[in-house]
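Written out below as structure tokens is the structure these notes cover.
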Number of protein chains: 2
Amino acid sequence: MSSRLKDVAALAGVSTRTVSNVVSGSASVAEETRVRVQAALDELGYRPNVAARNLRAGRTGLIGLAIPELYSPYFGELASLIVEAAQQRAWTVVIDQTSGDPDAERRLLEGTGGRLVDGLIISPWALGPEELTGRPRHVPVVLLGERRPHGLADRVAVDNVLAADEATTHLLASGRRRIAAIGPQPHLRNETAAQRLEGYRNALRRAGLHPDPALEQPVTALHRADGAEAMTALLDAGIRPDAVFAFTDELALGAMHVARRRGVRVPHEMAFAGFDDIEDGRYANPPLTSVVPDKRQIAERSLQCLADRIYSPASAVPPLDVVIPHQLAVRASSGWTDS
Amino acid sequence: MSSRLKDVAALAGVSTRTVSNVVSGSASVAEETRVRVQAALDELGYRPNVAARNLRAGRTGLIGLAIPELYSPYFGELASLIVEAAQQRAWTVVIDQTSGDPDAERRLLEGTGGRLVDGLIISPWALGPEELTGRPRHVPVVLLGERRPHGLADRVAVDNVLAADEATTHLLASGRRRIAAIGPQPHLRNETAAQRLEGYRNALRRAGLHPDPALEQPVTALHRADGAEAMTALLDAGIRPDAVFAFTDELALGAMHVARRRGVRVPHEMAFAGFDDIEDGRYANPPLTSVVPDKRQIAERSLQCLADRIYSPASAVPPLDVVIPHQLAVRASSGWTDS
DNA sequence: CTGAAAGCGCTAACAA
DNA sequence: TTGTTAGCGCTTTCAG
């Protein structure tokens with residue numbers, strides 16, 4: 001079995017107190033004692049028991065990251081950055097996949113099943129504002145990508161309306177007039193898609209165009225397959241846009257894939273712009289124009305929010321609304337150079 | 001502050017023992033008592049303290065997943081499947097990114113910093129066989145993708161030599177003769193790349209060809225950028241293969257990207273095959289031929305190994321060597337149909 | 001500088 | 001069926 005502080009103390013002929021001091025390096029220990037204890041530590045291969053420490057400290061050093069899915073490029077990248085940033089703060093990340101399941105999201109927010117994490121970063125898909133607001137929290141929560149600070153939790157997100165507007169405006173600037181929007185999700189309570197749709201429509205109106213419902217193609221999920229399906233639906237309905245703004249890069253890549261298979265020349269006959277700036281987009285044929293959220297900042301600001309809440313008297317600060325900067329990366333999919 | 005078992009007991013007028021029984025549902029409790037306790041539980045919004053439970057149980061219910069990076073499509077997908085499979089076993093996954101750093105891998109294996117997880121699944125990059133073997137483990141370990149069972153830990157992997165052989169043989173079957181290999185990593189102790197190289201060479205020799213060192217293009221990492229760099233190096237050196245076997249799909253996609261940019265027609269003039277079957281490959285232009293490891297099985301068998309070690313008297317069973325099945329998905333990048 | 005001991009919240013062996 | 005209580009391994013207050 002694993003050795004405990006007590007065993008080390010016995011071997012070194014000191015009290016557990018002293019061993020603890022040596023291990024943590026907190027209080028000062030006489031050099032001679034330190035050496036003797038260290039020898040015992042090494043001999044027994046002592047490893048502190050984290051559960052006991054946690055119980056004592058009232059903290060676990062764990063933070064939860066709840067995302068719909070880990071396998072999509074966007075969330076994979078984001079999770080990677082969060083894990084990395086958490087390591088720097090000596091936090092460990094436990095990951096939950098909600099699959100956009102409202103029950104799963106609810107369970108995590110309520111902390112049913114026990115107080116395991118010191119804080120939670122959640123990217124809600126299924127839950128709407130009132131559910132996110134309504135319930136009492138047991139740990140600090142950071143909401144990723146929701147619209148406004150809901151009064152009980154900090155929020156970190158890009159300005160989706162503005163970013164979508166800019167992407168659409170960029171397409172308009174190259175003379176496109178029939179711009180499709182792939183990505184509305186009227187069936188979900190989550191507001192991200194609604195915001196991007198709003199930005200898209202704003203841009204059209206500002207250019208003197210009327211948003212055409214036939215050009216707004218809803219999707220059930222946000223992957224390549226859904227984008228492919230949406231483009232197929234458009235083309236099969238005889239609708240032939242001259243540009244596409246997709247609400248995620250994955251959707252854009254799926255749609256572009258189908259368009260090219262159907263003989264549409266990209267970008268000559270159809271330009272594409274996406275959202276998220278995933279790596280695949282940069283290496284696609286042609287490379288995909290995309291809204292670039294500063295993901296590293298999303299990760300770091302989220303952790304900063306948690307840290308502030310965890311280490312400071314609760315409810316001292318009102319809920320924060322952190323807006324993350326973004327850019328538009330213009331690539332060949334919306335230029336005039338073919339791949 | 002959060003309420004404890006003791007508070008609930010006081011409110012319900014019973015002992016903590018009874019409350020504990022109600023919470024866990026383990027022992028039988030008189031219906032009347034149960035109702036009263038449940039009411040107190042609800043009123044106080046009781047949430048069990050996981051740290052205390054863990055300390056008591058001697059287990060944390062956590063398993064570690066140590067991978068070089070979470071943001072790459074392959075590891076993202078794998079991590080997703082492992083998290084999912086772990087949830088079914090009521091385990092929570094904590095993720096560590098090693099970045100292929102030998103110290104990080106060593107630290108995790110040794111459990112320096114404390115006994116946090118009940119088991120560890122690690123995909124070693126930097127550490128060689130002897131280091132993986134040498135040290136005593138404090139928790140059960142599953143090695144992902146190493147060559148042979150090293151005597152102290154279970155191993156789960158596809159047959160890399162065979163799979164690489166099959167992919168290369170497929171390229172040979174369509175008449176290709178100058179097949180480049182992109183992906184050797186002579187600087188790493190990790191054996192995966194070496195095994196794929198071995199399979200590639202085996203296939204060539206069986207076809208009566210001599211492996212040509214000029215066609216073997218090493219890489220420093222396994223991403224699109226490295227594949228792009230490798231292809232650039234080949235073309236700049238005046239080497240023009242008629243096919244490429246890349247050791248990962250990402251390398252293949254990067255290489256294919258550059259080839260197309262340089263005006264090479266794919267697959268007519270240059271066929272491509274990769275390894276891992278990531279989603280981007282399936283939606284690439286043209287779709288990428290790839291070795292398809294059964295990732296779900298990798299996840300499930302890994303967890304099965306851990307479960308066996310954790311729940312059974314240690315060292316009862318000798319280290320397992322689990323070989324995961326794979327297939328070759330032939331797509332347009334190695335056919336004769338252009339995108 | 002070091003030892004003794006309390007107690008973090010929970011479960012389960014032992015009693016009643 | 002339920003109460004009492006001894007720890008799980010650690011940190012830290014209080015003495016010395």
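FYI, side chains are in, hydrogens and waters are out, and symmetry mates aren't considered; it's all heavy atoms of this structure. Chain naming here is simple, since letters A, B, ... match the order of the sequence lines and numbering starts at 1 in each.
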Could you work out which one of D:dT2, D:dG9, C:dA4 sits closest to the side chain of B:A30? D:dT2
For residues 70-78 of chain A, dump all side-chain donor-acceptor pairs below 3.5 Å to protein atoms at least two apart in sequence or in another chain.
unit_1	atom_1	unit_2	atom_2	d
A:Y71	OH	A:E69	OE1	3.1
A:S72	OG	A:E69	OE2	3.4
A:E77	OE1	A:K295	NZ	3.2
A:E77	OE2	A:K295	NZ	3.0

Within the structure shown, what part of the strands sits under 4.0 Å from B:T33 by heavy-atom distance: base, sugar-phosphate, or nothing? sugar-phosphate
Nucleotide C:dC8, atom C1' - distance to CG of A:N49 in whole Å: 13 Å
For B:L55 and D:dG7, what is the distance between atoms CG and P respectively, to the nearest whole Å? 14 Å
Which residue lies more 5' along DNA chain D, comparing A:N21 with B:T16 via nearest heavy atoms: B:T16
So, is A:R53 near the phosphate of D:dC10, with a side-chain N or O under 4.0 Å from OP1 or OP2? no
To the nearest angstrom, how far is A:R47 atom CZ from D:dC10 atom C1'? 17 Å
Atom-to-atom span, CG of A:L116 to C1' of C:dC10 - whole angstrom: 15 Å
Any salt bridge (Lys or Arg N to Asp or Glu O under 4.0 Å) pairs touching residues 92-103 of chain B, not counting sequence neighbours? B:D103-B:R106
Checking C:dC10, D:dC10, C:dT2 against the side chain of A:Y46 (C-beta onward), the nearest is D:dC10
Rounded to the nearest Å, what distance is computed from the CZ atom of residue B:R17 to the P atom of nucleotide C:dA16? 15 Å
Length of the NZ-P vector between A:K6 and D:dC10, whole Å: 10 Å
Which one of A:L120, A:I121, A:V83 satisfies the side chain to side chain contact (heavy atoms under 4.5 Å, CB included) criterion with A:L65? A:I121
Would you indicate whether A:R296, at its atom CZ, is surrounded by more than 12 heavy atoms from other residues, nucleotides or ligands within a distance under 6.0 Å? no
Rounded to the nearest angstrom, tell me the gap between atom CG in B:L5 and atom P in C:dA12. 12 Å
Round to a whole Å and report the spacing from CZ of B:R34 to P of D:dT2. 11 Å
Donor-acceptor pair, side chain of B:S24 and main chain of B:S20, under 3.5 angstrom: yes
Specify the residue among A:R36 and B:S20 whose closest nucleotide of DNA chain C lies further upstream toward the 5′ end. A:R36
